Amino acid sequence: MRADLSDSRGSTSVHPTALLLAEEIGKGVHVAAFAQVMSGARLGDGVDIGSHVVVESDVVLGRSVRIGAGVYICNGFRADDDVQVGPGVAFAEHGLAAKSDSAVTHLKHGAIVGANATLTRGVSVGARSVIAAGSVVTRDVPPNAIVDGNPARIVGYVDTFNVGMGAQNTPTGAIATTGELPRLRAGNARLVRLPRIVDLRGALSFGEIGAHLPFHPKRFFTIYDVPGKEVRGEHAHRALEQFLICLKGSCAVVIDDGYERDEVVLASPEVGLYIPPMVWGIQYQYSSDAVMLVLASDVYSASDYIRNYEEFLAIARRRVSSPRD
């Protein structure tokens with residue numbers, strides 16, 4: 001233990017039973033009883049390490065990282081600023097990623113890991129994502145996702161307004177097939193009511209360019225037979241416009257313009273969702289019988305895709321100097 005640490009760094013405190021040998025130590029660090037931080041570790045300002053925590057040498061903790069009691073942090077761990085790791089979390093040495101000594105477990109800015117969760121070494125946990133207590137994470141977690149279970153699957157997204165229910169972070173509900181459609185907040189995305197004609201022969205729904213579809217489609221594709229726990233999309237387009245219709249079954253769609261995030265459940269061929277360029281889109285929670293029709297304003301072009309969320313945020317926020325009212 002470095003006995004002079006409190007004198008030289010003011011508010012930094014180290015319990016008498018703790019061992020702190022880190023290579024770099026920021027201001028305001030707190031190390032609780034019986035914790036051990038090995039030589040070579042780097043701690044940012046305001047790091048809070050709970051009791052009985054072990055931090056190995058090849059570990060980097062950013063500013064204001066909080067580590068709960070009883071956590072063993074192995075080599076190759078990186079936590080960006082404002083990450084929170086609950087008590088009893090395990091970083092497991094198994095899986096393909098763990099076969100390499102260079103495998104890095106990376107918790108990005110603002111990620112939260114609930115108590116007693118287990119993460120396979122080598123996974124990446126996206127910024128502002130949340131891992132529920134007790135979950136077992138065996139693959140990368142995208143930004144803003146909420147994951148739960150064993151193995152952990154996406155069950156929602158943080159700071160998302162669930163349009164069908166009219167409230168934040170409540171169980172999703174499909175858009176009603178009658179009445180006025182709710183207004184979306186993200187970008188210029190919007191829901192479109194499509195006509196419905198019913199007689200003895202069955203039901204028919206249609207759309208017309210101009211009246212319902214705001215562009216001339218040059219391509220269409222269908223999505224079906226999606227395992228219910230899988231996630232599709234997770235990208236934005238630089239110039240492409242899309243129009244989504246769930247012809248059968250249901251699917252939850254998240255749209256994100258970098259400032260606002262909406263979630264809507266499509267569950268009728270009578271409601272379409274228009275997604276303009278530079279809106280991040282995610283589809284998940286497909287029902288087993290779901291069939292999604294997507295109309296696109298242009299042919300496929302790989303260069304039109306933005307698949308990295310942080311890159312998308314940077315581009316979107318360069319275009320808009322301040323959030324919309």
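Since the model is a prediction, treat every value here as computed from it, not as a measurement.
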Worksheet item: How far apart are the C-alpha atoms of R196 and F206, what are their side-chain angles, what is the distance that settles it, and do they pass the side-chain contact (heavy atoms from CB on, under 4.5 Å) test?
Response: CA-CA 7 Å; R196 179 174 185 258; F206 66 90; over 6 Å; no

Trace of the side-chain contact (heavy atoms from CB on, under 4.5 Å) decision for I154 with I146: CA-CA 6 Å; I154 295 174; I146 303 170; over 6 Å; no

**Q.** Audit row: R139, E230, salt bridge (charged side-chain N to carboxylate O under 4.0 Å, His left out) steps and yes/no
**A.** CA-CA 12 Å; R139 57 183 182 177; E230 293 303 316; 3.5 Å; yes

- Task: Mind running side-chain contact (heavy atoms from CB on, under 4.5 Å) on V158 and V130 for me, showing each step along the way?
- Result: CA-CA 8 Å; V158 299; V130 177; 3.7 Å; yes

Between S124 and D140, does a side-chain hydrogen bond (donor to acceptor under 3.5 Å, both in side chains) hold up when you go through it step by step? CA-CA 5 Å; S124 175; D140 293 350; 5.0 Å; no

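Among pairs with a residue in residues 28-50, those fulfilling side-chain hydrogen bond (donor to acceptor under 3.5 Å, both in side chains) read S13-H30, at least two apart in sequence or across chains. Listed by first and then second residue, the salt bridge (Lys or Arg N to Asp or Glu O under 4.0 Å) pairs that reach into residues 274-292 come to none, sequence neighbours excluded.
For A33 against T17, the heavy-atom pair with the smallest separation is CA-OG1, 3.3 Å. Smallest separation of non-hydrogen atoms from C251 and Q283: SG-CB, 3.7 Å. Looking at every heavy atom in both residues, S205 comes nearest to P269 through OG-O, 3.2 Å. Nearest approach of I255 to A189, heavy atoms of both residues: CD1-CB, 3.5 Å. Contact record, S129 with P142: CB-O, 3.6 Å, taken as the closest heavy-atom pair. The two residues A133 and D148 come nearest to each other via the heavy atoms O-OD1, 4.4 Å.
Note that SG of C74 is 5.0 Å distant from CZ of R121, once rounded to the nearest 0.5 Å. The structure places CG of L43 at 6.5 Å from CG of L20, a figure rounded to the nearest 0.5 Å. Taking OG of S57 as the reference point, atom CD of E23 lies at 9.5 Å (rounded to 0.5 Å). For the atom pair CZ (F77) and OG1 (T105), the distance works out to 7.0 Å, reported to the nearest 0.5 Å. To the nearest 0.5 angstrom, D262 atom CG is 11.0 Å from R183 atom CZ. With values rounded to the nearest 0.5 angstrom, R261 atom CZ is found 5.0 Å from T160 atom OG1.
Inter-residue side-chain proximity for R238 and P277 is flagged as unmet; no heavy-atom pair is nearer than 4.5 Å. The shortest distance between side-chain heavy atoms of V254 and V264 does not fall below 4.5 Å. You'll find the side chain of R190 reaches within 4.5 Å of the side chain of P214, heavy atoms only. Under the 4.5 Å side-chain criterion, counting only non-hydrogen atoms from C-beta, Q285 is not in contact with V231. Counting heavy atoms from C-beta on, the side chains of V89 and L119 come closer than 4.5 Å. Side-chain atoms of V113 and L107, non-hydrogen and from C-beta on, do get closer than 4.5 Å to each other. P182 places a side-chain heavy atom less than 4.5 Å from the side chain of L191. L266 is listed as a side-chain neighbour of V253, based on a closest heavy-atom distance under 4.5 Å.
Every side chain to side chain contact (heavy atoms under 4.5 Å, CB included) that F221 has, sequence neighbours left out, goes to R219, I223, Q242, V294. For T222, the side chain to side chain contact (heavy atoms under 4.5 Å, CB included) partners at least two apart in sequence or on another chain are Y224, L293. Residues satisfying the side chain to side chain contact (heavy atoms under 4.5 Å, CB included) test with R201, not counting sequence neighbours, are D199. With sequence neighbours left out, S297 forms a side chain to side chain contact (heavy atoms under 4.5 Å, CB included) with F215, L240, E241.
Within 6.0 Å of CG on N188 lie no more than 12 heavy atoms contributed by other residues, nucleotides or ligands. Shown here is R232, whose CZ atom has no more than 12 heavy atoms of other residues, nucleotides or ligands within 6.0 Å.
Checked options Y157, Y309, W280; the residue passing with D256 is Y309 (criterion: side-chain hydrogen bond (donor to acceptor under 3.5 Å, both in side chains)). Each of I73, I49, V53, V29 was checked for a side chain to side chain contact (heavy atoms under 4.5 Å, CB included) with V37, and the lone residue meeting it is I49.
When hydrophobic clusters are built by joining Ile, Leu, Val, Met, Phe, Trp and Tyr residues whose side-chain heavy atoms come closer than 4.5 Å, directly or via intermediates, L184 is not grouped with V192. Put simply, M292 and Y274 are part of two different groups of oily side chains (I, L, V, M, F, W, Y) that touch within less than 4.5 Å, one to the next. Hydrophobic clustering of Ile, Leu, Val, Met, Phe, Trp and Tyr side chains at less than 4.5 Å, counting indirect connections, unites I25 with V47. With hydrophobic clusters built from ILVMFWY side chains whose heavy atoms lie under 4.5 angstrom apart, F243 does not share a cluster with V265. Under a hydrophobic clustering in which Ile, Leu, Val, Met, Phe, Trp and Tyr are joined whenever their side-chain heavy atoms come within less than 4.5 Å, directly or via other members, I245 and L204 fall into different clusters.
S135 contributes a side-chain N or O that, together with a main-chain N or O of G149, makes up a donor-acceptor pair within less than 3.5 Å. The backbone N or O of D80 sits nowhere less than 3.5 Å from a side-chain atom of H109 that would complete a donor-acceptor pair. E260 places no side-chain N or O within 3.5 Å of a backbone atom of A186 that could act as its donor or acceptor partner. Put simply, the side chain of T12 gets close to the backbone of G28: a donor and an acceptor are under 3.5 Å apart.
Stacking of R185 on the aromatic ring of Y259 is not recorded, the 6.0 Å distance cut-off and the 45° axial limit not both being met.
Look at D58 and R78 and you find a salt bridge, because one of the NZ, NE, NH1 or NH2 atoms lies within 4.0 Å of a carboxylate O, short of that distance. Under a 4.0 Å N-O distance rule, the pair E310/K108 does not qualify as a salt bridge.
Side chain to side chain, Y286 and D225 fail the donor-acceptor criterion of an N or O pair below 3.5 Å. Using modelled atom types and a 3.5 Å distance limit, the side chains of H237 and D304 yield a donor-acceptor pair. In this structure, a donor-acceptor pair under 3.5 Å is absent between the side chains of H235 and N308.
Taking the six-membered ring for Trp and the full ring otherwise, Y300 and Y305 have centroids separated by under 6.0 Å. Not less than 6.0 angstrom separates the ring centroid of Y72 from the ring centroid of F91.
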